[in-house]
Trainee: 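My questions all concern the structure below.
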Amino acid sequence: MKRKVAGILGGMGPEATIDLMKRVLRATPAQDDRDHVHLLVDNNPQVPSRIQALLEKTGESPGPCLCDMARKLESWGADFLAMPCNTAHYYHKEIQEAVSIPVLNIISLSIEECLRRKPHLRHVGLLASTAVLNLNLYNEAFALHGVEVVVPAPPMQERVMAAIRQIKTGRYGGEIFAVLREATDSLLNAGAEIILVACTELSIVSEQLEASVPIMDAAQILAERIVREAKPVS
């Protein structure tokens, strides 16, 4: 039985990549080392800034770098690819066209899982980077299923973005959780029936979040799909 090898385009940020690896480890039903998923990880923190390229319009496109990483992972033996960064999925089509192996899409997988969890979902609350919100990466795809995305008001979103930047430093404390609790409450007040954590930096602390509705995490959804995709094949 041959196991598929997963290639990870990482470094956006480095801790978020490590967090995904931990999630894959925990999601794998294993009795021994050999039962775990073979991961080829390019944890590259030098990927050009998605924020500078997409929001500030001052930086180079990360697309070529991501495509180069994808081609290298394929040449190293990856059977499929995954990328623990929601914002970078703006370049998903470009990356997929650069390789001949599948590139999992965290956005479509997350939407699919939200609808599986709540088939008649009408309002989903999004905790994400401002780039993800401004680029409508989730809004347009959810709209195809009749689901409206609700997001924090601009002042609250600025605080969420500050929290994301703080998490990237690796130095953060209780103030981060206070901000995210407020943001979550604002989404509940706006009618969210599910909270979707759609930033892999926020995924690092998402287990601390609480709400009266299901909280779903795009990183966890991606990790579970990696485990399923990597299962042994004849």
Side-chain angles (χ1 to χ4, degrees), residues 16 19-20 22-24 26-27 50 54-55 82-90 92 104-164 166-167 174-229:
D19 179 68
L20 177 72
K22 289 179 179 178
R23 290 173 184 273
V24 170
R26 292 197 301 262
R50 283 70 60 207
L54 296 172
L55 282 186
M83 183 165 55
C85 176
N86 288 264
T87 307
H89 275 69
Y90 179 84
H92 181 274
L104 300 183
N105 189 317
I106 198 172
I107 294 171
S108 58
L109 291 174
S110 297
I111 292 171
E112 176 185 308
E113 186 61 20
C114 285
L115 293 171
R116 188 196 68 78
R117 179 72 175 267
K118 194 173 183 65
H120 303 295
L121 179 65
R122 287 295 172 262
H123 296 89
V124 60
L126 213 60
L127 287 176
S129 74
T130 302
V132 166
L133 303 186
N134 288 1
L135 294 167
N136 292 317
L137 294 183
Y138 277 91
N139 301 50
E140 294 176 357
F142 264 120
L144 295 175
H145 301 278
V147 179
E148 180 182 352
V149 171
V150 296
V151 302
M156 187 73 250
Q157 179 60 29
E158 289 179 11
R159 296 174 65 198
V160 171
M161 199 64 205
I164 291 170
Q166 188 66 34
I167 292 169
E175 72 284 354
I176 294 294
F177 304 114
V179 169
L180 297 180
R181 280 195 296 270
E182 283 188 54
T184 300
D185 288 344
S186 74
L187 297 177
L188 294 175
N189 292 334
E193 303 159 79
I194 280 178
I195 303 295
L196 176 61
V197 178
C199 171
T200 52
E201 302 296 342
L202 297 179
S203 296
I204 295 168
V205 298
S206 66
E207 292 180 355
Q208 305 294 323
L209 299 180
E210 296 181 353
S212 56
V213 300
I215 297 177
M216 304 186 68
D217 193 306
Q220 182 64 27
I221 292 166
L222 181 62
E224 292 173 2
R225 181 55 179 263
I226 289 170
V227 172
R228 293 198 300 272
E229 193 73 18

Trainee: Could you tell me whether the side chains of Ser203 and Asp19 share a donor-acceptor contact shorter than 3.5 Å?
Mentor: no

Trainee: State, with a plain yes or no, whether a side-chain heavy atom of Lys118 is found less than 4.5 Å away from one of Pro214.
Mentor: no

Trainee: So, do Leu126 and Leu196 sit near enough that their side-chain heavy atoms are less than 4.5 Å apart?
Mentor: yes

Trainee: Could you pull out the closest heavy-atom pair between Val160 and Ala183, with the gap in Å?
Mentor: CG2-CB, 3.7 Å

Trainee: Restricting to side-chain hydrogen bond (donor to acceptor under 3.5 Å, both in side chains), what partner residues turn up for Thr130, sequence neighbours left out?
Mentor: Gln157

Trainee: Which residues satisfy the side-chain hydrogen bond (donor to acceptor under 3.5 Å, both in side chains) test with Asn139, sequence neighbours excluded?
Mentor: none

Trainee: Once rounded to the nearest 0.5 Å, what's the spacing between atom CD of Glu224 and atom CD of Gln220?
Mentor: 4.5 Å

Trainee: Would a 4.5 Å heavy-atom cut-off, applied to side chains only, mark Ile106 and Ile221 as touching?
Mentor: no

Trainee: At what distance, to the nearest 0.5 angstrom, does SG of Cys114 lie from CD1 of Ile194?
Mentor: 4.5 Å

Trainee: For residues 196-209, which residue pairs qualify under salt bridge (charged side-chain N to carboxylate O under 4.0 Å, His left out), counting only residues two or more places apart or in two chains?
Mentor: Arg26-Glu207, Lys168-Glu201

Trainee: How close do Arg50 and Cys85 get, counting heavy atoms only, and between which atoms?
Mentor: NE-SG, 4.2 Å

Trainee: How long is the gap from CG on Leu133 to CE on Met161, to the nearest 0.5 Å?
Mentor: 9.0 Å

Trainee: Are any of the side-chain heavy atoms of Leu180 and Leu202 separated by less than 4.5 Å?
Mentor: yes

Trainee: To check you understand the geometry: which heavy-atom pair defines the closest contact between Ala82 and Ile226, and what is its length?
Mentor: CB-CD1, 3.7 Å

Trainee: Would you compute the distance between atom CZ of Phe177 and atom CD of Glu175 and round it to the nearest 0.5 angstrom?
Mentor: 8.5 Å

Trainee: May I ask you to decide if Ala131's main-chain N or O and Thr87's side chain share a donor-acceptor pair within less than 3.5 Å?
Mentor: no

Trainee: Holding to side-chain hydrogen bond (donor to acceptor under 3.5 Å, both in side chains), I want the full list of residues that pass it with His145, two or more places apart in sequence or in another chain.
Mentor: none

Trainee: Working to the nearest 0.5 Å, report the span between CZ of Arg116 and CG of Leu109.
Mentor: 12.5 Å

Trainee: Nearest 0.5 Å, what's the CE-CD1 distance between Met216 and Ile111?
Mentor: 11.5 Å

Trainee: Can you name the nearest heavy-atom pair linking Ala198 to Ala218, along with the distance?
Mentor: CA-CB, 4.3 Å

Trainee: For a 4.5 angstrom cut-off between non-hydrogen side-chain atoms, does Thr200 reach Leu20?
Mentor: no

Trainee: Using the side chain to side chain contact (heavy atoms under 4.5 Å, CB included) rule, pick out the option among Ile215, Val151, Ile195 that qualifies with Leu127.
Mentor: Ile195

Trainee: Report yes if the side chains of Val147 and Leu115 come closer than 4.5 Å at any heavy-atom pair, otherwise no.
Mentor: yes

Trainee: Which pairs pass salt bridge (charged side-chain N to carboxylate O under 4.0 Å, His left out) with one or both residues in residues 176-193, sequence neighbours excluded?
Mentor: Arg159-Glu182

Trainee: Of all the heavy-atom pairs spanning Ser212 and Leu188, show the shortest one and how long it is.
Mentor: OG-CD1, 4.0 Å

Trainee: If we ignore hydrogens and angles and just use 3.5 Å, is the side chain of His92 paired with the main-chain N or O of Ala88 as donor and acceptor?
Mentor: no

Trainee: For a quick test of reading the model, state the closest non-hydrogen atom pair linking His123 to Gly191 and the distance between them.
Mentor: CB-O, 3.4 Å

Trainee: Do the non-hydrogen side-chain atoms of Leu104 and Met83 ever get within less than 4.5 Å of each other?
Mentor: no

Trainee: Once side-chain hydrogen bond (donor to acceptor under 3.5 Å, both in side chains) is applied, do any residues pair with Ser110, and if so which ones, sequence neighbours excluded?
Mentor: none

